[in-house]
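Input: a single structure, listed below in structure tokens.
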Amino acid sequence: MVEPVAGSTGGARPTMGDVARAAGVSTALVSIVMRGVPGASEATRRRVLDIADEMGYVPDRRAQKLRQASSRLLGVVFELQQPFHGDLVEQIYAAATRRGYDVMLSAVAPSRAEKVAVQALMRERCEAAILLGTRFDTDELGALADRVPALVVARASGLPGVGAVRGDDVAGITLAVDHLTELGHRNIAHIDGADAPGGADRRAGFLAAMDRHGLSASATVVAGGTTETEGAEGMHTLLEMATPPTAVVAFNDRCATGVLDLLVRRGRDVPADISVVGYDDSRLARIPHVQMTTISQDATHMAEAAVDGALAQIAGDKAIDLVLAPHLVRRATTGHVAQHDSDQEPA
């Protein structure tokens with residue numbers, strides 16, 4: 001009698017994903033082996049086939065026929081004006097190519113609704129839809145998932161059948177607050193993201209982090225958004241306060257860019273007068289004359305996980321809900337609080 005191998009399904013019909021887990025390889029690689037196409041070494045091919053035999057895995061011939069006539073396209077919906085989405089798209093292209101897939105893009109813009117962008121992908125017979133920072137509600141996501149495997153990036157999906165790959169927004173904003181308090185800042189403000197994906201978690205995370213440092217009384221949250229204009233408007237509100245903050249955490253790098261622009265126009269020095277932290281570590285943060293301190297969501301890791309998750313759903317596996325840990329990238333826009341702004345007594 002053959003003993004069950006690691007990853008055995010315990011009596012249920014094994015899936016391609018079960019074989020992949022038992023063999024310690026990706027679902028995409030198992031698919032390559034089962035289809036008998038180039039892309040796997042002979043040793044790996046033999047090992048996967050042996051494990052599949054031991055588990056009793058039988059390829060779904062009907063599904064294979066559908067896949068043979070498939071487009072081998074992953075559809076990606078992104079916001080045209082969000083720099084971080086551009087970084088993600090670049091990495092998704094690379095990840096998909098390594099797995100034998102191509103990418104079809106469809107942009108969301110002020111003149112083009114997300115529903116229109118998704119419909120365009122459906123017409124191209126994409127095998128899965130990856131939605132970056134989607135504004136769809138659960139009903140809209142559920143309707144899409146009834147048509148094609150769907151996965152969202154940079155937010156939770158709220159549905160068991162829709163995959164999600166996202167950063168831990170509470171942990172990320174906490175890193176920003178911790179960094180600023182270590183520099184001596186006590187009067188810290190957050191320009192929030194309004195109703196943008198992740199906005200509520202970052203707002204709650206900011207308030208909780210300030211409370212943990214005993215700074216609830218000086219924690220200020222002002223309305224903001226995802227754009228430079230909204231960042232500048234939020235910073236204008238803060239500068240009109242009787243006691244402006246010595247440090248600002250913006251919702252994202254684009255919002256922080258608007259903050260920095262207004263401070264320059266008002267003659268405020270960054271970081272000597274006010275420290276500024278962005279979020280995303282997008283290409284905006286890395287511009288040589290900006291060098292923005294920011295919270296990185298690691299676009300490469302996020303894109304790899306999104307492509308793997310989408311391919312797993314295409315193969316019939318369950319949708320993933322993956323939360324990735326962000327990290328702080330310190331650059332030139334944060335520094336120690338000025339002595340006259342600190343709560344320390346003069347020497």
Side-chain angles (χ1 to χ4, degrees), residues 15-17 27-28 31 60 62-63 66-67 69-82 84-89 91-93 95-96 99-167 169 193 195-201 226 297 299 302-324:
T15 67
M16 191 179 293
T27 304
S31 175
D60 185 336
R62 179 175 174 273
L66 288 173
R67 282 195 294 272
S70 70
S71 63
R72 297 195 69 76
L73 278 176
L74 296 178
V76 177
V77 175
F78 70 107
E79 289 196 23
L80 192 63
Q81 296 182 328
Q82 290 303 324
F84 184 59
H85 287 192
D87 296 343
L88 284 169
V89 165
Q91 298 303 323
I92 287 172
Y93 265 122
R99 291 155 179 79
Y101 272 74
D102 203 351
V103 172
M104 177 68 66
L105 298 180
S106 192
V108 178
S111 60
R112 192 171 192 249
E114 187 171 7
K115 287 183 179 179
V116 174
V118 169
Q119 289 166 357
L121 292 181
M122 296 302 97
R123 289 194 294 269
E124 297 298 329
R125 295 177 58 247
C126 293
E127 295 186 45
I130 299 175
L131 310 182
L132 308 186
T134 178
R135 305 296 184 103
F136 274 4
D137 60 27
T138 53
D139 288 341
E140 291 168 316
L141 284 175
L144 175 62
D146 287 339
R147 300 176 61 188
V148 65
L151 181 144
V152 301
V153 177
R155 57 160 277 194
S157 74
L159 294 172
V162 178
V165 175
R166 53 200 169 98
D169 288 310
D195 63 348
D201 284 344
T226 62
Q297 298 202 74
M302 194 170 277
E304 292 276 347
V307 170
D308 279 340
L311 293 182
Q313 286 181 238
I314 292 170
D317 283 1
K318 292 181 179 180
I320 63 171
D321 183 12
L322 182 63
V323 181
L324 303 175

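The structure displayed is predicted, hence computed values, not measured ones.
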Expected output: side-chain Q313 to main-chain A150 donor-acceptor under 3.5 Å: yes

Test side chain to side chain contact (heavy atoms under 4.5 Å, CB included) applied to Y93 and L105, step by step: CA-CA 10 Å; Y93 265 122; L105 298 180; 3.5 Å; yes

Within-4.5 Å side-chain heavy-atom neighbours: F78 and L131: no

M104/R125 under side chain to side chain contact (heavy atoms under 4.5 Å, CB included): CA gap, chis, key distance, verdict: CA-CA 10 Å; M104 177 68 66; R125 295 177 58 247; over 6 Å; no

Donor-acceptor pair, side chain of R99 and main chain of D308, under 3.5 angstrom: no

Test item: R155 and T134 side chains (from C-beta on) under 4.5 Å apart, heavy atoms: yes

Any L132 side-chain heavy atom under 4.5 Å of V89 side chain: yes

G158 backbone acceptor or donor facing T138 side chain under 3.5 Å: no

Shortest non-hydrogen separation from A310 to A128 and the atoms involved: CB-CB, 4.1 Å

From CG (L88) to CD (Q82), nearest 0.5 Å: 11.0 Å

Approximate separation, where rounding is to 0.5 Å, of Q119 CD and L144 CG: 10.5 Å

E79 side chain to V108 backbone, donor-acceptor under 3.5 Å: no

Donor-acceptor pair, side chain of E114 and main chain of R135, under 3.5 angstrom: yes

Nearest heavy-atom neighbours spanning M16 and A315: SD-CB, 4.1 Å

Working for side chain to side chain contact (heavy atoms under 4.5 Å, CB included), residues V118 and F136: CA-CA 11 Å; V118 169; F136 274 4; 3.9 Å; yes

Which atom of V162 lies closest to which atom of A319, heavy atoms considered: C-CB, 3.7 Å

Test side chain to side chain contact (heavy atoms under 4.5 Å, CB included) applied to L151 and V165, L311, V307, the passing residue: V165

Where R112 and A107 come nearest, the two heavy atoms and their spacing: NH1-O, 2.8 Å

From R147 atom CZ to C126 atom SG, the distance as rounded to the nearest 0.5 Å: 11.0 Å

A154 to P197 - nearest heavy-atom pair and separation: O-CB, 4.1 Å

Minimum heavy-atom distance between I130 and A306, given as atom pair plus value: CD1-O, 4.1 Å

H85 and L80, any side-chain heavy atoms less than 4.5 Å apart: no

L74 side chain reached by I92 side chain, heavy atoms, under 4.5 Å: no

Side chain to side chain contact (heavy atoms under 4.5 Å, CB included) evaluation trace for Q91 with M302: CA-CA 9 Å; Q91 298 303 323; M302 194 170 277; over 6 Å; no

